[in-house]
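So the structure is just underneath, and the comments pick up after that.
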Amino acid sequence: MPNYSFRCRSCGDTFEVNRPMARSSDPASCPAGHDDTVKLLTTFATVGRAAPAPAPQPSGGGCCGGGGCC
């Protein structure tokens, strides 16, 4: 079950709620009982090896961008 992070606007506490994705938008009360909370945007990161970037291709030049039309 996913965790959703919330911040209480009244006391500033940040807390997490476990709930199904179907209820991800439901409001949440902070542990101190305040109802003025906002859902925080959370990020998900994966760890792995990225493929190396391909080497840049020569771009030619000249007045026509290397097309040889001149």
Side-chain angles (χ1 to χ4, degrees):
M1 195 168 320
N3 291 335
Y4 297 96
S5 297
F6 289 83
R7 175 165 294 146
C8 179
R9 291 181 180 163
S10 298
C11 67
D13 190 21
T14 300
F15 60 97
E16 291 185 351
V17 176
N18 296 328
R19 59 171 61 154
M21 290 176 70
R23 294 186 48 219
S24 66
S25 309
D26 290 356
S29 295
C30 87
H34 305 123
D35 291 326
D36 189 14
T37 61
V38 62
K39 184 178 168 190
L40 301 176
L41 177 63
T42 55
T43 58
F44 176 78
T46 59
V47 177
R49 290 181 9 163
Q57 298 295 319
S59 61
C63 64
C64 331
C69 59
C70 296

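Just so it is clear, the model here is predicted, and its values are computed rather than measured. We number each residue from 1, following the sequence as shown.
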Residues 28-37, side-chain donor-acceptor partners within the protein, below 3.5 Å, at least two apart:
residue, atom, partner, partner atom, Å
S29, OG, D35, OD1, 2.5
T37, OG1, A28, O, 2.5

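Every residue two or more places apart in sequence or in another chain was checked for a side-chain hydrogen bond (donor to acceptor under 3.5 Å, both in side chains) with R9, and none qualifies. Evaluation of the side-chain hydrogen bond (donor to acceptor under 3.5 Å, both in side chains) rule for R7 yields T14 as partners, not counting sequence neighbours. Residues passing the side-chain contact (heavy atoms from CB on, under 4.5 Å) test with A22, sequence neighbours excluded: none. Applying the ring pair (Phe, Tyr, Trp, His ring centres under 6.0 Å) test to Y4 and every residue at least two apart in sequence or in another chain returns nothing.
Formation of a donor-acceptor pair under 3.5 Å by the K39 side chain with backbone atoms of D26 is not found in this model.
Residue pairs meeting the ring pair (Phe, Tyr, Trp, His ring centres under 6.0 Å) criterion with at least one member in residues 6-31, sequence neighbours excluded: F6-F15.
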